[in-house]
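Only one structure is covered here, and it is reproduced in the block below.
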Amino acid sequence: MNLFIDYQTKILKLLKKLESKEIIKIPKKINSITIELPPKNQEAHISCNAAMLLAKENNQKPIEVAKILVKHFTKDFKEFNSVEIAGPGFLNISFNQKFWKNYLNQVIKLNTKYGSNKLKKKKYNIEFVSANPTGPLHVGHCRGAVLGDTLANIFTFNGNNVTKEYYVNDYGGQIKIFVNSVYYRILEIIKNEPFPSNLELYPGDYIIDIAKEVIKSKSIKDFSNLKKIFNLLSKKSISLSMKIIENNLKMLGIKHDNFVYESNLVKNNLVNNVIKKLKVKNYVYNGKLDVPKGEQTKEWKQRDQLLFRSSLFGDDTDRPLQKIDGSWTYFAGDMAYHSNKISRKFDILINILGADHAGYTKRIISVTKAISNNKVDLICKVSQLVKLFKNGEPFKMSKRKGDYITIEDLINEVGADATRFIMLNRSNDVEFDFDFKKVTEKSKDNPVFYVQYAYARINSVFRSLKVNLKSNLKINNEKYLLNNHELEILKKIAEWPKCINLSLSKLEPHRIPFYLYELATLFHSYWTLGNVNKEYRFINEEKNLTRLALLQAVSIVIKNGMTILGVSTPEKM
RNA sequence: CUGCCUCUAGCUUCAACUGGAUAGAGCGCCGCGCUUCGGACGCGGAGGUUGGGGGUUCGAAUCCCUCGAGGCAGGCCA
C-alpha cells in the first residue's frame with residue numbers, strides 16, 4: 001500500500017483511456033507524471049503534475065489541460081472530494097472522509113507490515129564494520145555500523161533476503177603489530193619484562209586484557225620463542241579481539257550473520273585462483289606504476305610488481321596486488337573475498353566504507369566488474385567522517401597511542417537508542433561533528449526522546465481507557481468526521497510508505513528519523529490542543545473509535561519506524 | 001598535483017519527496033499558552049542572493065561548466 005504509487009498507476013490508466021478516446025495525447029515521458037505531496041500551505045492531500053507534462057504534446061497551456069483533467073478526475077474517482085488547479089497547473093486533490101477511514105482501517109490491518117513496499121524480492125549482501133580485529137571498536141566505527149545495520153533492516157522490512165557480513169582482516173601488517181603487542185604484554189605479566197617502547201606496538205589497556213585471557217586459557221605453555229608460537233598466539237588473540245568487537249556491536253543491537261576471514265581466503269588459495277583467472281583475461285599483469293604526482297619522490301622506488309588493470313574500469317590507476325616481500329596486499333585479499341561474494345549469487349552487493357577508505361571504492365568496484373564480466377554491481381556507500389570534539393576542541397583518536405573513545409564508552413554515557421538515532425539523523429555523506437561532551441549533556445532533549453514520548457503518550461491513553469493497543473481497532477460506518485488536524489496526521493501517515501521506499505531505493509536511512517520526528521510533532525501539537533479545548537481530547541464523551549484508530553495508526557508507524565532504526569519504544573517513560 | 005565528498009538562517013545541527021508551487025525543521029534569541037487524557041509539551045515572531053559567477057528550460061538548492069573554501073584519499077597501511 002503506497003498512496004503515491006497507487007494513484008500514479010490509477011491516473012496513468014485514466015490518461016491512457018482518455019488517449020484512446022482521443023481526448024488527450026500522451027507524451028513519451030509518461031513516467032515523469034507523478035503524485036507529489038502538496039506544499040505545506042496547501043490543504044490538498046495529494047497533487048499531480050500531469051497537466052504540465054501534457055501541455056506541450058497537446059499544444060495547450062497547462063491550465064487548459066488541467067481543466068480537462070479536472071472534469072475526468074472528478075467523474076472517475078468517486079473518492080476524490082475535490083480537484084483544484086493550483087500554481088502553474090498542479091492538480092490538487094483531496095480525498096473524502098470515507099476514503100480516509102478506510103485507509104486507517106487498512107493501516108491497522110497491515111500493522112507491522114504497514115510501510116513495506118511490494119517489490120520484487122531480492123537477495124542482498126551487505127558488508128559493514130569490517131574493522132581490523134586488533135581491539136575494541138571506537139566511535140568512528142559506530143556510524144558505519146549503524147548505517148549498515150539499519151539499511152539491512154530496511155531491506156528485511158521490505159521482504160528481501162539479507163546477509164549481514166563482516167570481513168575479518170586477519171592477515172597483514174597490522175595483525176603482526178597486534179600479535180607482537182599481546183606477546184610483549186604476556187612477557188610483562190609472566191616474566192616481569194618491561195613493555196618495549198622502541199618497537200611499533202599498540203599501547204592500549206585492552207591488549208593487557210587479551211594477554212591475561214591468553215595466559216588464562218593455558219593453550220600456550222612456553223612463551224620463550226615468539227616465532228614458534230606466532231600462529232597459535234595470533235589465532236587466539238584475534239578470536240579474543242573478535243569477541244570484544246562482537247560484544248561492542250551487540251551493545252548497539254547489531255549482529256552479523258556471517259564472518260569471512262581473510263586468512264581463510266589465503267589459505268584456501270582463493271587469492272591465487274582469482275589472480276590466475278584474471279591473468280587469463282589479461283586484467284592482471286606485471287608492470288610498473290607511475291610515481292603519483294605531488295608525491296615526494298625521495299621514498300618512491302619504481303619496481304616491477306603484480307598489478308590489476310583497474311584503470312580499464314574507471315579507476316585512476318592500476319593497483320598492486322603483491323607487497324615487496326611477496327605477501328598479498330589488502331586489495332588482493334579483498335579481490336578474492338569479492339569473487340567469493342559473487343559466487344554466492346546475490347542480486348545486490350553493498351559495502352559500507354568509512355570516509356578514509358573512499359579512495360578505495362573505484363578499485364573494488366572495478367574488480368567486481370572484472371570478475372563478474374560486468375554482470376554484478378557493487379554499491380559502495382561511504383559514511384563520512386565523524387569529527388570528534390571534546391569540550392569544543394577537536395579530538396584526534398589514535399589506536400597507536402591507545403587514546404580513543406570506544407563504542408562502549410559512548411553507549412554507557414548516551415545509551416544505544418540515542419546513539420543510533422543521532423548517527424542516523426543526518427545524511428551519511430555529510431560530515432558530522434560529534435561533541436562527546438555536548439551529546440551527553442544534551443541527551444535529554446535529544447530527538448529520540450521526543451519520538452519515544454509520543455509513543456508513550458499514546459500508550460497512556462490506551463491504558464486509561466483500558467483498551468489493548470495491540471489488538472486492532474476497526475472503524476465501521478461511524479458518523480464522526482475527521483477534523484483538519486486529524487487529516488494532517490493521516491496525510492503524514494500516508495506518507496510513510498513513500499519514506500520507506502525512498503530510503504530503500506536511495507539507501508538513505510536518515511529520512512526515517514526525520515519523518516518520525518515530523519509525525520511526532522503533528523501528534524504532540526494535536527495533543528496540546530486538547531489541553532485548551534476539550535473537544536480535541538482523545539478521551540471524550542463521544543467515545544469515537546475513529547480518533548482512537550488514528551492514534552493506533554500513529555503508534556504503529558512509530559513502532560515500525562523505530563524498529564527499523566533499532567531504537568526501542570518504551571510504553572512508559 | 002590528481003580523484004572523491006561537502007558548502008542552505010546567528011550556528012561545530014541538518015531537511016527539501018531526486019527538476020516543481022512562497023526553500024523547511026532543530027538549537028539559540030524574543031514574545032506567549034497550559035493548575036495537564038503524563039510539561040521530556042505546544043503556539044507565534046525575527047532570521048535566507050541555497051559559497052561566487054555563468055549555462056541548460058515553462059521551472060534549478062537540485063543537472064552542466066567555472067572559480068573559491070573545508071575535509072578525506074593517493075604502491076610496498078588497511
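All heavy atoms count here, side chains included; hydrogens, waters and symmetry mates do not. Letters A, B, ... mirror the listed sequences (proteins, then strands); counts begin at 1.
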Answer with yes or no whether the side chains of A/D315 and A/S366 bring together a donor and an acceptor at under 3.5 Å.
no
Please report the distance separating the C1' of B/rA23 from the corresponding atom of B/rC17, rounded so that it comes out in whole Å.
14 Å
To the side chain of A/Y453, which of B/rC4, B/rC41, B/rC76 is closest?
B/rC41
When rounded to the nearest Å, what value does the distance between C1' atoms of B/rU12 and B/rA16 take?
22 Å
Using heavy-atom distances to pick each residue's nearest nucleotide on RNA chain B, tell me which of A/T34 and A/H357 is more 5'.
A/T34
Checking contacts here: which listed nucleotide (B/rC37, B/rC76, B/rC77) is nearest the side-chain heavy atoms of A/R537?
B/rC37
If you look only at pairs with a residue in residues 494-505 of chain A, which of them pass as a salt bridge (Lys or Arg N to Asp or Glu O under 4.0 Å), with sequence neighbours excluded?
A/K492-A/E495
With a 4.0 Å limit, can you tell me whether A/Y360 has a side-chain N or O closer than that to the phosphate oxygens OP1/OP2 of B/rG75?
no
Can you tell me if A/R511 touches the phosphate of B/rA16, counting only side-chain N or O atoms and a distance under 4.0 Å to OP1 or OP2?
yes
Between B/rA16, B/rC77, B/rG20, which nucleotide has the shortest distance from any of its atoms to the side chain of A/K323?
B/rC77
Taken to the nearest whole Å, CE/A/M52 to P/B/rG20 is 10 Å
So, A/F4 and B/rC17: ring centres less than 5.5 Å apart, planes less than 30° off, yes or no?
no
For B/rU62, give its Watson-Crick or G-U wobble partner with both distances under 3.5 Å, or none.
none
Answer for the Watson-Crick or wobble partner of B/rA40, both distances under 3.5 Å, is none
Which nucleotide in B/rC37, B/rC41, B/rG3 has an atom nearest any side-chain atom of A/Y450
B/rC41
Considering only B/rC72, B/rG75, B/rC37, which nucleotide approaches the side chain of A/N531 most closely?
B/rC37
Between B/rC1 and B/rC67, how far is it from one P atom to the other, in whole Å?
11 Å
Between CZ of A/F421 and P of B/rA40 the distance, given in whole Å, is 18 Å
Between A/L53 and A/F514, who's closer to the 5' end of RNA chain B by nearest nucleotide?
A/F514
Re B/rU57: Watson-Crick or G-U wobble partner, both distances kept under 3.5 Å, found to be none
Whole-angstrom distance between B/rG48 and B/rG10, as gauged at atom C1':
12 Å
Of all residues at least two apart in sequence or in a different chain, which pass the ring pair (Phe, Tyr, Trp, His ring centres under 6.0 Å) check with A/H338?
none
Both distances under 3.5 Å, Watson-Crick or G-U wobble: report the partner of B/rC1, or none.
B/rG74
Considering only atom P, compute the distance from B/rA15 to B/rC7 and round it to an integer number of Å.
8 Å
Roughly how far, to the nearest 0.5 Å, is CZ of A/F178 from CD1 of A/I207?
5.0 Å
Taking the ring of A/Y167 and the ring of A/Y261, is the distance between their centroids below 6.0 Å?
no
Decide yes or no, distance alone: a donor-acceptor N/O pair under 3.5 angstrom between the base of B/rA25 and the side-chain of A/T521.
no
Test of ring centre spacing under 6.0 Å for A/Y526 and A/F538
yes
Nearest whole Å is fine: how far is B/rA73 C1' from A/Y330 OH?
15 Å
Between B/rA40, B/rC37, B/rA25, which nucleotide gets closest to the side-chain atoms of A/Y517?
B/rA25
Examine B/rC43: is either OP1 or OP2 under 4.0 Å from a nitrogen or oxygen in the side chain of A/S525? Give yes or no.
yes
Considering only side-chain heavy atoms of A/P320, which listed nucleotide, B/rA21, B/rU18, B/rG75, is closest?
B/rG75
